[in-house]
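Following: one structure in structure tokens, then a few remarks.
Residue numbering restarts at 1 for every chain, and letters A, B, ... go by the order of the sequence lines. Below, all heavy atoms of this structure are taken into account, side chains as well, without hydrogens, waters or symmetry copies.
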Amino acid sequence: GAGVSQSPSNKVTEKGKDVELRCDPISGHTALYWYRQSLGQGLEFLIYFQGNSAPDKSGLPSDRFSAERTGGSVSTLTIQRTQQEDSAVYLCASSYGQVVTDTQYFGPGTRLTVL
Amino acid sequence: ILNVEQSPQSLHVQEGDSTNFTCSFPSSNFYALHWYRWETAKSPEALFVMTLNGDEKKKGRISATLNTKEGYSYLYIKGSQPEDSATYLCAFWTNSNSGYALNFGKGTSLLVTP
């Protein structure tokens with residue numbers, strides 16, 4: 001595809017339900033990143049993948065959050081037992097190779113609302 | 001997480017004015033600094049990736065400089081236009097034993113009025 005895509009674009013769920021957010025990076029990009037922006041807050045870095053590997057998961061907000069990437073392409077961010085404080089826009093980005101120095105291209109985001 | 005500070009928090013200028021913002025970051029263990037432009041209801045757009053002390057990068061009317069020894073970067077916009085209205089974010093990569101993390105400033109919100 002031409003750019004990073006994310007699905008769904010909007011997700012409304014009830015507290016306690018699990019949700020899965022999907023990110024399709026630009027073809028050929030080996031690095032992938034997840035961020036979130038909560039209402040009134042700045043952009044928060046969650047996790048990055050180099051290939052299928054996520055070296056540091058300490059940025060995930062709690063153990064209810066997990067992320068995986070398979071085949072060096074699609075990534076999913078899963079939130080178990082959602083809470084109202086999980087409501088945010090979740091952004092995904094990808095870059096060609098080097099995690100630190102390459103330009104990141106962002107997807108349109110998934111707006112998650114937990115009722 | 002290390003502090004990345006941006007100033008001013010917001011800025012309102014007239015069309016045609018030139019302006020600049022500051023991003024301050026810890027000067028130790030520097031890896032790279034990124035500048036992003038984020039318009040309302042859109043995704044962040046990368047402006048610059050800066051890695052070397054003394055780097056100066058330019059993209060149209062926007063330019064940025066980097067001083068890693070004193071821990072700051074300036075973003076300049078020459079002849080601001082209404083379409084420059086956005087939040088400008090800087091982000092600083094840090095490294096720990098387990099990997100890298102990207103630390104964002106809170107951004108400078110720019111409004112350019114005709």
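Tracing side-chain contacts under 4.5 Å through hydrophobic residues (I, L, V, M, F, W, Y), one never reaches A/Val99 starting from A/Leu46; they form parts of separate clusters. Hydrophobic clustering (ILVMFWY, side-chain heavy atoms < 4.5 Å, transitive): A/Tyr48 and B/Tyr36 are in one cluster. Following chains of ILVMFWY side-chain contacts shorter than 4.5 Å, one cannot reach A/Phe49 starting from A/Tyr33, and the two form parts of different hydrophobic clusters. B/Phe21 and B/Ile62 fall within the same hydrophobic cluster, where Ile, Leu, Val, Met, Phe, Trp and Tyr residues are linked whenever their side-chain heavy atoms come under 4.5 Å apart, directly or through other members. Under the 4.5 Å side-chain heavy-atom criterion for Ile, Leu, Val, Met, Phe, Trp and Tyr, B/Val4 and B/Trp35 are members of the same hydrophobic cluster.
Within the structure, no pair that satisfies the ring-ring contact (aromatic ring centres under 6.0 Å, His included) test touches residues 56-99 of chain A, not counting sequence neighbours.
What you find for A/Phe106 and B/Ser43 is that their closest heavy atoms are CB-CB, 3.8 Å. In this structure, B/Leu102 and A/Gln104 approach most closely via the heavy-atom pair CD2-NE2, 3.9 Å.
Around the CG atom of A/Leu39, the shell of radius 6.0 Å holds no more than 12 heavy atoms that belong to other residues, nucleotides or ligands. Within 6.0 Å of CD on B/Glu15 lie more than 12 heavy atoms contributed by other residues, nucleotides or ligands. No more than 12 heavy-atom neighbours from other residues, nucleotides or ligands sit within 6.0 angstrom of CD on A/Glu14. Heavy atoms of other residues, nucleotides or ligands lying less than 6.0 angstrom from CD of A/Gln98 number 12 at most.
Put simply, the side chain of B/Trp38 reaches to within 4.5 Å of the side chain of A/Leu43, judged on heavy atoms. A heavy-atom distance below 4.5 Å is found between the side chains of A/Phe45 and B/Trp93.
Using bins of under 30°, 30° to 60° and over 60° for the plane-to-plane angle, the ring pair A/Tyr35/B/Phe104 lands in the perpendicular bin.
Looking at A/Gln41, neither its backbone nor its side chain comes within 4.5 Å of chain B, counting heavy atoms on both sides.
The candidate with the highest count of non-hydrogen atom pairs below 4.5 Å against chain B, out of A/Gly107, A/Gly59, A/Ser58, A/Ala54, is A/Gly107.
Although no hydrogens or angles enter the test, the distance criterion places no donor-acceptor pair under 3.5 Å between the side chain of B/Tyr31 and the main chain of A/Val100.
Among the residues in residues 46-59 of chain B, those with a non-hydrogen atom closer than 4.5 angstrom to a non-hydrogen atom of chain A are B/Ala46, B/Val49, B/Thr51.
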